[in-house]
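Notes follow the structure.
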Amino acid sequence: MEAENRLQGTAVTGVIGEDVHIVGIRIIERALMDAGIKVTSLGAQVSQEEFINAALETNADAILVSSFSGHAEILVRSFRDKCIEAGLDNIILYIGGSLLLSEENWDQVEKKFKELGFDRVYPPGTSPTRAVEDLKTDISHRRRK
Amino acid sequence: MEAENRLQGTAVTGVIGEDVHIVGIRIIERALMDAGIKVTSLGAQVSQEEFINAALETNADAILVSSFSGHAEILVRSFRDKCIEAGLDNIILYIGGSLLLSEENWDQVEKKFKELGFDRVYPPGTSPTRAVEDLKTDISHRRRK
Amino acid sequence: MIRNKKLSEEEFFKQRKEVLSQWHTGKEVDLDEAIEYHKNLPPLKNFANKMRYAKEHNEIYASTGMGKATVEEQIELLQYVEEHGKADLLGLSPDSLTRQNDYKAAQQGLEESMRTGKSKLNGLPVVNCGVSGIRRLVESVNCPIQPRYGAADARLCDEILFAGGCSNSSPDLFMDFWQHSAKVSLETVVNTHQYVCRLMGYYTEHGVPMCAGAQGFYAAGIPPSLQTATVIISLLLQVEQGVKHLSVKCAGHGNLVQDVVSSKVRLNLLQEYLDKLGYRDIEMFPGISFNLMQYPVDIGTNFAVVFMNTLMAKLIGAQQNDIRTVAEAKAIPTKEDVADTFRTAKAMENFLQKQKIEIDKKEADIEAQMEEKEVRSILDKVLEFGDGDVLVGAAKAVETGVLDNPFAANRAAAGKVLGIKDSEGAIRYYNTGNLPFSKEIIEYHKEKIAQREKIQGKSINYETLISDLLAVSNGYLV
Amino acid sequence: MIRNKKLSEEEFFKQRKEVLSQWHTGKEVDLDEAIEYHKNLPPLKNFANKMRYAKEHNEIYASTGMGKATVEEQIELLQYVEEHGKADLLGLSPDSLTRQNDYKAAQQGLEESMRTGKSKLNGLPVVNCGVSGIRRLVESVNCPIQPRYGAADARLCDEILFAGGCSNSSPDLFMDFWQHSAKVSLETVVNTHQYVCRLMGYYTEHGVPMCAGAQGFYAAGIPPSLQTATVIISLLLQVEQGVKHLSVKCAGHGNLVQDVVSSKVRLNLLQEYLDKLGYRDIEMFPGISFNLMQYPVDIGTNFAVVFMNTLMAKLIGAQQNDIRTVAEAKAIPTKEDVADTFRTAKAMENFLQKQKIEIDKKEADIEAQMEEKEVRSILDKVLEFGDGDVLVGAAKAVETGVLDNPFAANRAAAGKVLGIKDSEGAIRYYNTGNLPFSKEIIEYHKEKIAQREKIQGKSINYETLISDLLAVSNGYLV
Ligand code: B12
Ligand code: B12
């Protein structure tokens with residue numbers, strides 16, 4: 001327990017595409033920082049390239065993408081591939097927010113974005129604590145590899 | 001047209017069974033009277049026998065049964081047969097109100113009560129005018145026979 | 001013979017034997033054991049206690065009727081509504097055969113429901129379920145369960161409900177006489193109600209607070225003063241038999257000034273008559289319902305009705321927000337219907353709880369003055385008729401139309417009084433029938449109606465009456 | 001260079017050429033023809049006219065955004081809502097690619113939506129649909145269609161909307177600068193907004209009333225004075241360019257005294273500054289929205305939110321009741337979602353229209369005094385900064401945090417100010433950042449917060465901030 005609490009990590013956060021919905025990710029960022037994770041916050045309207053460059057610069061463990069516009073499916077196409085191309089081999093990728101335009105079965109949404117290369121997918125209303133716990137676990141796994 | 005307007009008839013009205021929902025039928029009665037139909041109003045909590053006796057006494061063209069309790073199906077069982085037994089051979093039978101306990105497809109409800117011997121079946125929210133028009137038509141048919 | 005006088009213990013227990021023998025479950029009722037049972041329930045399962053808690057904490061509780069044909073279905077419903085509807089009070093509606101004391105037919109319905117697994121009754125056959133059935137309900141949830149029904153003779157049903165752990169009832173004289181039975185006499189209803197109240201008084205005297213209450217009668221479309229008069233009469237019957245906790249209900253019609261005023265007038269005059277007639281230490285809990293003749297079929301309009309009901313509750317300082325579910329117009333509501341409705345009401349209550357809003361004071365003063373005069377005219381006439389005995393007077397008042405109701409199911413109502421909305425949606429007397437009103441009062445109402453005719457540019461007729469009755473159901477106030 | 005000065009006709013038409021060449025549909029816009037087109041529309045299809053009608057008839061109109069990817073889908077939506085939602089105003093939300101001027105990507109989305117028959121955009125790609133597309137919408141319904149969106153650069157989109165027959169827009173300086181773009185500069189947004197307002201002024205001067213308006217910024221969780229200051233600045237930009245009809249919007253937070261007061265203060269101070277700066281004959285239409293950070297997921301709570309919004313609208317005398325559909329938290333609402341919500345709002349409005357209710361006057365007076373002082377402090381500082389020019393001052397105020405917003409998407413915001421609820425649900429300054437407030441003001445807010453801490457018996461922290469932001473979404477006020 002002790003060890004886990006001291007465990008640190010670094011993450012890049014932002015809202016992808018033309019999207020300005022900033023509040024959800026702000027809340028997540030704050031929780032991550034409180035948990036001792038170093039956060040590079042890119043804010044709203046961030047492109048895939050900006051995410052990747054920031055991750056390279058900060059040697060990040062994870063990229064946390066937020067999206068509320070309903071255009072996520074289009075906006076994250078081949079994001080994982082580009083990460084790998086840039087040398088971010090086993091970087092942790094999360095996505096959360098209001099991902100699709102119409103209300104759909106959550107399991108299906110999750111499956112879709114996992115296929116698009118994300119390790120974890122979060123619906124609206126996700127508790128920050130959950131995201132923090134997940135990230136801590138995933139970072140410790142990643143580092144043990 | 002003229003003739004039709006002067007056409008009269010007599011009807012017995014009431015709420016069947018243990019049911020006290022009196023307002024719907026009061027509104028219908030008033031409309032019938034305004035249209036020149038003689039109404040014998042039995043009020044609430046009327047038994048099958050009371051309906052039949054009143055119809056015999058007044059030589060009625062029609063019996064209008066109202067029911068809101070949701071117990072209508074049980075309460076009107078063999079009503080048509082009893083009418084025939086009592087000599088009310090081709091009396092017009094209407095029923096209206098909130099007939100069943102759960103929301104069901106109206107067509108089905110209508111079918112059910114037609115099978116139970118009613119000539120016409122009316123849902124909640126029926127306009128009094130519609131009932132009056134129907135009754136005038138049916139009485140004129142009946143009298144022509 | 002009608003008399004507003006407490007039943008002697010002897011009379012009461014004599015009658016009680018007879019009552020309990022009406023159906024075999026009557027044998028299950030043991031008064032001393034029941035009192036012990038109540039004393040061992042958590043304090044906030046007691047209805048009066050919960051009402052007092054609400055009053056002290058400035059809370060408003062949604063309440064409504066809810067009834068299924070079997071104890072199992074009823075438990076499922078109550079638990080669902082408690083959890084998903086965030087309910088503070090739960091309801092229990094007996095079916096209409098039980099209300100009419102046809103326990104045999106109710107038994108058939110119960111058995112058929114159990115056999116088919118489908119509810120064949122419009123409520124719970126309480127008497128057939130017996131004391132043990134009701135206790136299973138009471139023990140399955142945390143909230144108090146509020147029996148909600150009217151009946152000409154609820155004696156056995158209430159015996160079983162109380163012994164089962166319920167701690168309130170509405171032995172509402174005029175509601176039950178006029179609205180819930182077609183042929184019964186006032187004398188009979190007075191007797192059965194005195195019995196029930198005597199029973200509630202007995203529990204109360206033995207340390208179990210029982211809460212009674214009244215709303216008068218189903219007064220959609222009728223100005224409030226007539227309802228207020230009947231409420232006060234009903235409550236005077238209750239307190240005479242030893243009831244100490246009263247739920248004083250009011251039917252809103254949608255004009256908030258009128259609705260708030262009528263609740264205030266009701267509470268003030270009740271206190272006045274209680275004092276005058278010497279009843280002490282009576283606790284009152286105001287409640288309100290939006291009294292429609294027909295609930296909206298459209299779901300959107302239904303939510304708007306719940307909202308008005310809650311706003312009324314806030315403005316009058318009610319503990320009980322007496323609502324109907326958003327499926328009311330259709331059929332017996334499902335558990336989801338009830339829970340959705342309760343959850344909305346709860347959120348509205350939460351949003352309104354601490355707000356500082358009020359009705360226009362000047363308008364309210366005029367309205368209150370007139371309404372007080374009207375109620376006093378009726379009640380003083382009733383007391384005069386009865387030579388000080390409010391029930392003796394009530395009997396004569398019904399005969400002469402001094403107490404009246406145009407939409408009574410019971411034949412014993414003059415049925416002359418009619419109401420109509422004014423231009424702002426308050427209900428006015430269109431026809432005062434035989435109400436003992438002064439010229440001033442009659443003129444006041446006439447003027448309000450004339451004002452509407454002027455504004456709308458057309459005169460009022462029977463069509464207007466009907467359209468007024470159905471206005472709110474269609475999404476309008478006037 | 002920033003200046004609050006009317007664009008000369010020359011400058012305007014020069015810039016206009018450029019704007020219209022950004023996408024091929026720009027060619028369709030012919031200003032003189034468009035003015036004729038407007039003049040031939042029924043008068044009540046004009047937004048300002050309809051607002052005036054509402055004001056004169058004491059009516060409240062529900063309004064909300066609604067957008068589908070194709071003209072056909074949008075027509076279906078609007079007609080459905082007009083009929084089944086009993087709507088008085090219809091909405092039109094452009095998609096977010098269009099808002100960001102990415103007309104190419106929007107074109108792809110449009111084509112894909114047409115091909116698949118499934119909406120692939122979060123709104124209508126207005127520019128791609130062109131003038132003829134918008135006219136088909138306008139002609140398919142009876143209500144005015146209200147474009148509802150924010151964008152850093154809406155010049156082309158508004159050109160097309162106006163030429164298509166729409167007669168209002170919200171060139172809302174701070175909303176668009178802070179909320180609708182991450183990287184744009186204030187100068188750019190000022191310029192684009194001056195252009196749009198000059199265009200609206202042009203129509204107005206040529207006999208077609210165009211209604212602009214502002215809400216300031218998306219101020220969930222932030223006390224009203226800051227929003228009021230930004231609203232007034234936005235509106236001063238608008239009137240300088242020739243706009244004569246203003247929709248003055250306010251974001252309610254749920255405490256009715258505060259919400260009503262902030263609308264009043266906004267209108268009064270706006271009038272004061274208009275007079276002071278010499279703008280005449282400006283018509284104002286108040287509107288209100290319940291400004292939540294997160295709309296409730298639960299349908300019941302959602303209806304309660306619509307109800308609060310409508311109650312606010314009634315209490316402030318709004319013409320526009322700016323609501324969200326009951327599906328807001330989930331996804332782009334279906335036509336049924338919109339119609340259900342509108343129908344409820346309509347019934348609520350009908351029920352409330354003639355009611356005589358009001359907020360507590362004493363409380364309101366104190367609140368109004370403080371809020372006026374706050375707004376004056378900010379605006380006077382802005383004018384001081386700008387040497388009388390409100391926009392020059394605004395630029396400096398943003399830099400120094402005299403105008404601030406903690407939840408801006410734009411990086412250009414000090415982000416120091418924070419709000420928190422007091423014990424009655426009014427929003428107070430938890431942190432006043434660099435706002436130029438007197439000690440009296442700061443103490444007032446501190447005291448209110450201390451009062452809450454005392455009542456709740458615990459001190460306020462970041463968790464409280466978040467739970468306050470989400471309280472209404474979960475069915476509570478505080
Ligand atoms: C506030 C808001 C706005 C504000 C944004 C202000 C700002 N700068 O942030 C404004 C008014 C500017 C706006 C604009 C628009 N919006 Co908007 N908006 C909202 C609203 C009301 C709230 C969103 C929000 O901030 N919630 C608060 C946070 C705390 O919510 P949350 O979901 O619980 O957040 C948690 C999780 O999502 C999770 N999470 C989020 N991201 C991530 C990422 C990771 C990695 C993890 C682990 C977790 C995580 O953690 C968060 C914290 O607990 C929603 C509707 C709603 N939900 O009520 C619509 C909504 C998101 N908007 C929508 C739309 C379409 C738009 C517009 C296109 C136009 C329009 N129709 O209004 C424009 C787009 C502008 C643009 N260019 O992007 C749609 C999206 C539709 C869809 N997805 O299908 C919504 C759902 C409304 C709707 N029903 O139509 N909007
Ligand atoms: C008012 C009312 C009462 C009042 C009745 C007052 C009175 N004396 O009339 C009181 C409070 C006493 C009452 C009691 C009960 N009620 Co009740 N009541 C209602 C309510 C709110 C309105 C009914 C009404 O009068 N509508 C006004 C008229 C004008 O409506 P209408 O339907 O549009 O009427 C037209 C048509 O129906 C048609 N029509 C009707 N009959 C006929 C007949 C013919 C021949 C024709 C041509 C046309 C016709 O014409 C009418 C005029 O246009 C309804 C719910 C609702 N609809 O909103 C429940 C409702 C009818 N009640 C119901 C129930 C269950 C009860 C109770 C058992 C207990 C309870 N749960 O409340 C008790 C039963 C008491 C008893 N012994 O019968 C249920 C019935 C359930 C079902 N059918 O499945 C309803 C639907 C409520 C619900 N959702 O649970 N009730």
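This structure is a prediction, so every number in the text was calculated from the model and none was measured. Note on naming: letters A, B, ... go to the chains in the order of the sequence lines (proteins, then strands), and numbering restarts at 1 for each one.
Looking at C/T310, there are no atoms closer than 4.5 Å to chain D (heavy atoms on both sides), in backbone or side chain. For C/V326, no part lies under 4.5 angstrom from a heavy atom of chain D. Residue D/V305 touches chain C through both its backbone and its side chain, counting heavy-atom pairs closer than 4.5 Å. If you measure heavy-atom distances from D/S423 to chain C, the contacts under 4.5 Å come from the backbone alone. With a 4.5 angstrom heavy-atom cutoff, C/E363 touches chain D only via side-chain atoms. For C/V472, the parts lying under 4.5 angstrom from a heavy atom of chain D are both the backbone and the side chain.
Per-residue heavy-atom pair counts under 4.5 Å with chain D were compared for C/K346, C/K354, C/K86, C/E349, and the maximum is reached by C/K354. Per-residue heavy-atom pair counts under 4.5 Å with chain C were compared for D/L315, D/I299, D/N474, D/L352, and the maximum is reached by D/L352. Between chain C and the options D/I357, D/V260, D/V478, the largest number of non-hydrogen pairs under 4.5 Å is found for D/I357.
When atom types are taken as modelled, the side chain of C/D340 and the backbone of D/G300 share no donor-acceptor pair closer than 3.5 angstrom. A donor-acceptor contact shorter than 3.5 Å is absent between the side chain of D/Q355 and the backbone of C/I359. C/N350 places a side-chain N or O within donor-acceptor distance of the main-chain N or O of D/G475, the cut-off being under 3.5 Å.
Residue C/Q456 places its CD atom among more than 12 non-hydrogen atoms of other residues, nucleotides or ligands, all under 6.0 Å distant. Open room surrounds OH on C/Y476; 12 or fewer heavy atoms of other groups in view lie less than 6.0 Å from it. Under a cut-off of 6.0 angstrom, the local environment of CD in C/E453 is crowded, with over 12 non-hydrogen atoms contributed by other residues, nucleotides or ligands.
Using a 30° and 60° split on the angle between ring planes, C/F351 and D/F290 fall in the perpendicular class, above 60°.
We find the CZ-CZ distance between C/F303 and D/F303 to be 5.0 Å, quoted to the nearest 0.5 Å. Separation of atoms NZ (C/K356) and NZ (D/K362) is listed at 9.5 Å; rounding is to 0.5 Å. One distance of note links CE of C/M348 with CG of D/L311; it measures 10.5 Å at 0.5 Å rounding.
Counting only heavy atoms from C-beta outward, the side chains of D/R343 and C/D298 approach each other to under 4.5 Å.
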